[in-house]
Protein chains: 2
Amino acid sequence: MTSPTHQDGFCCAAHSGSDSMAAILETAETRARVQGARLTPVRRRTLEILLQAHGALGAYEVLEKLAAEGYGTQPPVAYRALNFLVEHGLAHRIRRLNAFTACAQPDHDHRAAFLICETCNSVTEADADLLCRALDQAAQAAGFQLDRATIEAVGQCRACQDAPE
Amino acid sequence: MTSPTHQDGFCCAAHSGSDSMAAILETAETRARVQGARLTPVRRRTLEILLQAHGALGAYEVLEKLAAEGYGTQPPVAYRALNFLVEHGLAHRIRRLNAFTACAQPDHDHRAAFLICETCNSVTEADADLLCRALDQAAQAAGFQLDRATIEAVGQCRACQDAPE
DNA sequence: GCCTTTTGTGTTATTATATAACATGTCGAT
DNA sequence: ATCGACATGTTATATAATAACACAAAAGGC
Ligand SMILES: [Zn+2]
Ligand SMILES: [Zn+2]
Ligand SMILES: [Zn+2]
Ligand SMILES: [Zn+2]
């Protein structure tokens, strides 16, 4: 079930053009090959599903679509594909939503932060390299050796602020 | 089940002294009363349980302890108490761990970041006001109106770095 | 090519996490 | 004493994630 507020014409900039989707898929292929990983049909299709989605998708939502297309029907099918994508930098896991979203910049390694709109459920990926550097320093001050971080902001996206109510 | 690496003498600075625990409970009482909320026995006991814990505790771990002491035995009992504590700034939810931890500075409103040690499972609360300001700016640049944020870092705490292996 | 090893796909079954809905109890204010 | 608001407890259910196993496809050595 997609959020109703998200139906009417609006779509995240990052995912709107089918051009950019094709480009991202292309990048994904390349990136996977470089890493010695195989972007198999299920995995590729899973990435497409995420790219086409407006917000982030739960594993079971992805599973539903995969199953409808003749892939496996059981949870591990979705979780495996999704975990593969996350591990290879092609998708991100949004912990607050128990959901996954396609990476918007799969062409390079990066730390990401996510802006989650409470009104329309859109999820926007923002560059967090700077933020992570600050976090890293704060951590180091505490003697903590940082490996990776989750940064998820909750609020209202521009479109929903502008909307009358 | 607590992590075995956490048994032997080491304990998070914030929670170690029973003095500081008493002090925090005192503060909690006050804070709750000021907010017009009641720190009832289950709620208070839940906070104590979190304070005594080394890492963060899952809701079902908390429930087990509550049940053993004659409180309710069903999930909502734990979830309600935990949500109360979170809503009133007396505890935090750690999404990456599906767990909860007592707030280390319940005396004032603050944004917190968490340093999660992968080796010993300790969770340290760090002040994130500065970080959140940076995040806020980044968000504003994207036209996003930030309400609250989750910042969770994963890595190794000082104790575990120093440990031989 | 053929065999072996590794990786991937699918299944069933189970575990873990969280909430809905409802009944009863407590407490303070009128 | 009665009322309303809140708190606690229950049963039942929803939602999310993994374990363990069977088989299939691909990669690599010969
Ligand atoms: Zn990304
Ligand atoms: Zn929005
Ligand atoms: Zn805190
Ligand atoms: Zn540690």
Side-chain angles (χ1 to χ4, degrees), chain A residues 1-3 29 32-47 49-50 55-88 90-101 121 150 152, chain B residues 1-2 29 32-33 35-47 49-50 55-88 90-101 121 150 152:
Chain A
M1 204 75 17
T2 325
S3 106
E29 292 269 20
R33 211 168 315 121
V34 166
Q35 295 183 0
R38 294 161 51 203
L39 191 60
T40 61
V42 219
R43 292 169 176 172
R44 187 190 162 97
R45 186 69 193 111
T46 299
L47 178 53
I49 289 170
L50 289 183
L57 292 184
Y60 282 75
E61 291 177 292
V62 171
L63 178 60
E64 223 176 306
K65 307 204 187 220
L66 289 175
E69 297 177 25
Y71 294 101
T73 62
Q74 301 306 314
V77 169
Y79 281 103
R80 280 198 288 240
L82 289 166
N83 285 332
F84 172 90
L85 295 175
V86 170
E87 274 158 25
H88 291 81
L90 303 176
H92 298 282
R93 185 170 201 153
I94 312 294
R95 304 214 85 110
R96 178 172 287 265
L97 303 177
N98 291 328
F100 299 81
T101 189
N121 290 116
T150 301
E152 295 173 1
Chain B
M1 210 69 21
T2 325
E29 292 269 21
R33 211 168 316 120
Q35 295 182 0
R38 293 162 52 202
L39 191 62
T40 61
V42 220
R43 292 169 176 171
R44 186 189 162 98
R45 187 67 193 114
T46 300
L47 179 54
I49 288 170
L50 290 183
L57 292 183
Y60 282 75
E61 292 177 292
V62 171
L63 178 59
E64 222 175 308
K65 307 204 188 221
L66 288 175
E69 298 176 23
Y71 293 102
T73 62
Q74 300 306 314
V77 169
Y79 280 102
R80 280 198 289 239
L82 289 166
N83 286 332
F84 172 89
L85 295 176
V86 169
E87 274 158 27
H88 291 80
L90 304 175
H92 298 282
R93 185 171 201 153
I94 313 295
R95 305 215 81 113
R96 176 172 289 264
L97 303 177
N98 291 327
F100 299 81
T101 189
N121 290 117
T150 300
E152 295 172 4

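Naming convention: chains lettered A, B, ... in sequence-line order (proteins, then strands); numbering from 1 in each chain. Everything numeric here is computed off the predicted structure, so don't read it as measured data.
- Remark: the B:Thr150 side chain and the A:Arg95 side chain contain no N/O donor-acceptor pair separated by less than 3.5 Å.
- Between A:Arg44 and C:dG8 there is no side-chain polar atom (N or O) within less than 4.0 angstrom of OP1 or OP2.
- Taking 4.0 angstrom as the limit, B:Arg43 places a side-chain polar atom (N or O) nearer than this to OP1 or OP2 of D:dT8.
- Comparing C:dA18, C:dT11, D:dT10 by their nearest atom to the side chain of B:Gln74 picks out D:dT10.
- For B:Tyr79, taking side-chain heavy atoms from C-beta onward, the closest of the listed nucleotides C:dG8, D:dT18, C:dA18 is C:dA18.
- In the set C:dT19, C:dT11, C:dA21, C:dT19 carries the atom at the smallest distance from any side-chain atom of B:Asn83.
- Taking atom CG of B:Leu97 as the reference point, atom C1' of C:dA16 lies 14 Å away to the nearest angstrom.
- The B:Pro75 side chain lies nearest to C:dA18 when the options are C:dT11, D:dG9, C:dA18.
- Contact of the B:Glu29 side chain with the B:Arg44 side chain is registered, since non-hydrogen atoms from C-beta on lie closer than 4.5 Å.
- For the pair B:Leu39 and B:Thr46, the minimum side-chain heavy-atom distance is 4.5 Å or more.
- DNA chain D is contacted by both B:Gly70 and A:Pro76; B:Gly70 maps to the nucleotide lying nearer its 5′ end (nearest heavy atom per residue).
- One can place CD of A:Glu64 at 11 Å from P of D:dA16, the figure rounded to the nearest angstrom.
- OP1 or OP2 of C:dA16 has not a single side-chain nitrogen or oxygen of B:Asn98 nearer than 4.0 Å.
- To the nearest angstrom, P of C:dT17 lies 15 Å from CZ of B:Arg96.
- Of the candidates C:dT9, C:dT7, D:dT8, the closest approach to any side-chain atom of A:Arg38 belongs to C:dT7.
- As rounded to whole Å, 15 Å separates atom C1' of D:dT8 from atom CG of B:Leu39.
- Atom P of nucleotide D:dC6 and atom NE2 of B:His88 are separated by 11 Å, given to the nearest angstrom.
- Between A:Thr73 and A:Phe84, the residue anchored closer to the 5' end of DNA chain C is A:Phe84, taking for each the nucleotide with the nearest heavy atom.
- D:dG9 atom C1' lies 17 Å from atom CD of B:Glu69, rounded to whole Å.
- A:Arg33 places its CZ atom 12 Å from the P atom of D:dA27, with the value rounded to the nearest Å.
- Although no hydrogens or angles enter the test, the distance criterion places a donor-acceptor pair under 3.5 Å between the side chain of B:Arg43 and the main chain of B:Arg38.
- One can place CZ of A:Arg80 at 19 Å from P of D:dA16, the figure rounded to the nearest angstrom.
- In this structure, the side chains of B:Leu82 and B:Leu50 come closer than 4.5 Å at one or more pairs of heavy atoms.
- A donor and an acceptor atom sit less than 3.5 Å apart, one in the side chain of B:Tyr60 and one in the base of C:dA18.
- The shortest distance between the side-chain N/O atoms of B:Arg95 and the OP1/OP2 oxygens of C:dA18 is not below 4.0 Å.
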